[in-house]
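Residue numbering restarts at 1 for every chain, and letters A, B, ... go by the order of the sequence lines. What you see below is based on every heavy atom in this structure, not just the backbone, and it leaves out hydrogens, waters and symmetry mates.
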Number of protein chains: 2
Amino acid sequence: MARVRKTVTIRDVAEEAGVSLQTVSRVVNGGPNVRPQLRDKVQAAIDRLGYVPSLAAQRMSGSRSYIILAINDRERTLADWRERRGTDWVDQMLLGGILTCSKHGYRMMVELVDTHSDHVERELGAALSALQPDGVILTPPHSENRLITELLAERRIPFARIGSDAPGPGIPLTMGDEGAAHLATTRLAELGHRNIAMIAGPSAYSLSGWRIEGWRRALAERGLPHEGLLEVGDFGYESGTRAARALLDRNPDCTAIIASSDQMALAALEVARDRGLSVPHDLSLISFDNTPIVRFSQPPLTAIDQPIAETVSRAVEQLIARTPSEGAAAVIEVAATLVERSSTAPAPDRA
Amino acid sequence: MARVRKTVTIRDVAEEAGVSLQTVSRVVNGGPNVRPQLRDKVQAAIDRLGYVPSLAAQRMSGSRSYIILAINDRERTLADWRERRGTDWVDQMLLGGILTCSKHGYRMMVELVDTHSDHVERELGAALSALQPDGVILTPPHSENRLITELLAERRIPFARIGSDAPGPGIPLTMGDEGAAHLATTRLAELGHRNIAMIAGPSAYSLSGWRIEGWRRALAERGLPHEGLLEVGDFGYESGTRAARALLDRNPDCTAIIASSDQMALAALEVARDRGLSVPHDLSLISFDNTPIVRFSQPPLTAIDQPIAETVSRAVEQLIARTPSEGAAAVIEVAATLVERSSTAPAPDRA
DNA sequence: ACAAGTCTTGAGAACGCTCTCAAGATCGGT
DNA sequence: ACCGATCTTGAGAGCGTTCTCAAGACTTGT
C-alpha cells in the first residue's frame, strides 16, 4: 500500500482507474450494474491508493451519516465516573455498540444529556443537528422522556428505547427485568427463604417497577409475604445502606435480600457484616447488574446479569436495518441471566 | 424555540437576518470585524431558528473536523469487557475526554485497533481517512508503536502519546509511574517492611519498566533488597495468582507486595487468603489503577490512583490548542496519588 | 435485421459550510 | 475636506461525495 501524503479522494481513484467519479462511487457502495471487469479495475485502484471515503463528504451528499448516537444521563454517568462507583454501564454499552456498529461500517458516539434540565430539548437538538445521526439509542431514564422521544419522532430519526416497553414511536427493548426478578425471588424461595426483601430502584426508572412486579409475582405464587419487605433506593451505595438497615430493623426474620443494583447489594453486605450476620449463612443476597465489583467482594455476589452490551447491540442492528419505525414495533427482550456465586445459600433453620 | 421540521441551515439564518452567509458564518465562529449591532441581529436569528452548524459540512469546507479520536487496544479492551474484568480504563478515558471535548465544542470517538496484527496501518489509516480527526490520542501499548506514530506524523495529524516519554513526534504524557511506584515502596518501607515485592506488568508497556525503576530506586535508597522480589504478570487475574504464589514461595519473609494492576493485587489477596495470611496483618498490598473493584474487596485495597481521566483531558486540551507538535514537546506528567485503604499496615514483628 | 428494451457509464448539480478576494463604508491625519 | 488605511460586508468558488438524468452499448424478440 502506497504511503499517503495527501488525502486520497474519489477523484484520484477515478483518475487512476480511468473511469468517472460515479463509477467509483458505485463500486465503493456495492452498487449494481457495473461490469465485473471494470469493477475489478476500480477495486484495484482503490486498494493501490488506499482510498477510504470521507464520512463527512458522504454525509454532505445527502446519504447516511453512518453515525449512531447513544444518549446517556449526564448527571448519573458523571457521578459514577468521578467517584469510580463501579458501574460499567457506559463501558458495556459503548463497546457493545462500537463492535456492532463497526461490523456494519457505522460509528458510535456517546452524548451525555441532562434529563432534569429544561435544556434537554436544546442540548439534544444541538447534538442532532451537529451530528445528524442515522439512529439514536436512548437509555434509562431517558427512554421514556416525552420531550426527547417527541423531538426524535418529529425529526424522523429512528431511535431505540432501552428499558422501555411503552407503545409509541421508537423501538422498545427491555432486559427482562420482571422475569429476572421473578427468577431471583423464586431461586431464593427454593432455597427455603420465606421473608425475601427487595431494595428497589427509583420509580423514575420503569425497570424499577418491573422488578418489583416480578418479585411480587413470585412471592404471590408461593404465598409468601411482601408487606414491609420493600425499600426504595437510588441505586447508590448510601441509599443501599439506609435501605438494608431499615429492612433488617423492621424484619428480624428476613433472610434474603434482592438489591436492584450491585452497589446497593454491596452496601447491604456491609450492613450485614456490621450486624454480625454472615452472608450467605444468615442472609442471602442477590444483586442486579453483575458489574465487576461484585466478583471480588467477600463473598462474591450472586447476581442478575444485565445483558447491556447485547441489548445495545440489538438496538444498533435494528436501527441500521431502519425498520420503518412507524407502526408500533414489537418489544425486543434480551433475557437477563442469574449468575450464582457465593452470596446465596439455603435459609437458616430457625423453626 | 421554533419546532424544526427540516434541518436549519446557515442559509436559513442568513435569510432570516437579512445578511449574507458569510456574515452568519463569522458570527457563528466568533470571527472578528462584525458590527455589534449586526452580530446581535444574526445571533437572534440563530437562536430563533435553533441553528447549529453541521459538523460534516464544516469538515467539508476545509476547516476542522472537531473530532478527537482515541485509540485503544482492541484485544485487551474486548477481553476486559466481555469478561467484565473490572478495568475502567475505557470509561475513565472516554468520559474524561468527552467532557473536555464538549467544553471546546469537539467530539470524541473511540477506535479499537489491534496492535498485533499487521493490519494496524490499514485499520488505523481507514479510520483516519473516514473520520479525519483533528487529533488522536494514543494509549498504551500503542503509544510507542512505530508504525502508528509514523503514520500519524506523516499525515500531519497532531497526536498525544499517553504513557510514553520517548522523544519523537506527538505530545508525550505520563502518569508519573516511576514516582508513584517510588511513593508506594517508600510508604511500605516506612511501615517497617523490608522485603517488598513487586508484580510488574508486561514489558511491552513502558510504564511497567518505570514502575520497576521507581520500586528499585526506593529500595536502593534504604538499602533494601530486590533480588528475587520481582515477578512479571500481564495485568490479568490469573497471572497475578501465579506471580503471588511464586513470590511467596520464594520469599517467606516477604511482607508486602506492590501489584501493577488491581486485578493482580486482588489475585494476590486471594492467594494470601488461601495460605492463611491475613491482609494487612501478615501481608501488605498496594495496587496500581484504583478501579472500583478495589474498594469493595475485603479488605479494601490501598492503591495508586492512575489519573486517567485527567490525563486524557490534558491530552485533549493540548491537541485542541494545536501546539505545533513539531519540535519535541516536553513530557506532560499528571501525578498519580496514593489512596490509603485497609490493605496496608505496619510490618509484623518477627525479629 | 429493426424497434424496444435493459445495462452500463458519465456529466453535472447539489449538500452546508468556510475560504479568498474584492467592493463599499468608515476613519484618521494633515 | 481629501487621501490612504482599516473595517465591514458580500459574492463566488471549492471541499468530497452521491443523486438525477441522459446517452451510448448490448440484448432480445419477432
Could you check how far [atom1] of [X] sits from [atom2] of [N], rounded to whole Å?
| X | N | atom1 | atom2 | result |
| --- | --- | --- | --- | --- |
| Leu38(A) | dG10(C) | CG | C1' | 12 Å |
| Asp40(A) | dT8(C) | CG | C1' | 15 Å |
| Arg59(B) | dC19(C) | CZ | C1' | 14 Å |
| Gln132(A) | dT18(D) | CD | C1' | 15 Å |
| Leu21(A) | dA14(C) | CG | C1' | 14 Å |
| Ile10(A) | dA11(C) | CD1 | C1' | 14 Å |
| Asn33(A) | dC7(C) | CG | P | 6 Å |
| Gln22(B) | dG16(C) | CD | P | 17 Å |

Below 4.0 angstrom from OP1 or OP2 of [N], is there any side-chain N or O of [X]?
| X | N | value |
| --- | --- | --- |
| Ser54(A) | dT17(D) | no |
| Thr23(A) | dG10(C) | yes |
| Tyr51(A) | dT17(D) | yes |
| Ser20(A) | dT9(C) | no |

Measuring from Cys101(A):SG to Leu94(A):CG, what's the distance to the nearest 0.5 Å?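 It is 9.5 Å, given to the nearest 0.5 Å.
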
Thr87(B) side, atom OG1; Trp81(B) side, atom CH2 - distance, nearest 0.5 Å: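 Between atom OG1 of Thr87(B) and atom CH2 of Trp81(B) there are 13.5 Å.
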
Return the 5'-most residue of the pair Gly18(B), Ser61(B) with respect to DNA chain D, ranking by each residue's nearest nucleotide.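 The 5'-side residue here is Gly18(B).
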
Toward the 5' end of DNA chain D, which comes first, Arg35(B) or Met60(B), by nearest nucleotide?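 The answer here is Arg35(B).
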
Between dC17(C), dT17(D), dC21(C), which nucleotide gets closest to the side-chain atoms of Gln58(B)?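 The answer is dC17(C).
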
Select one nucleotide: of dC17(C), dT18(D), dG16(D), the one nearest the side-chain heavy atoms of Thr9(B).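 So the side chain of Thr9(B) is nearest to dC17(C).
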
Closest contact, heavy atoms only, Ile137(A) versus Ala315(A):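 Here Ile137(A) and Ala315(A) meet closest at CD1-CB, 4.0 Å.
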
Can a salt bridge be assigned to the pair Glu111(A) and Arg74(A) using a cut-off of 4.0 Å between side-chain N and carboxylate O?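 Salt bridge: no.
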
What contact category does Val19(A) fall into here, base, sugar-phosphate, or nothing, at under 4.0 angstrom with non-hydrogen atoms?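 Sugar-phosphate contact only - Val19(A) comes under 4.0 Å of backbone atoms but never of a base.
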
Hey, is the side chain of Arg26(B) pairing donor to acceptor with the base of dG10(D) inside 3.5 Å?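 Yes.
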
Between Ser164(A) and Ser143(A), is there a side-chain donor-acceptor contact under 3.5 Å, judged purely by atom types and distance?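 Result is no, nothing qualifies.
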
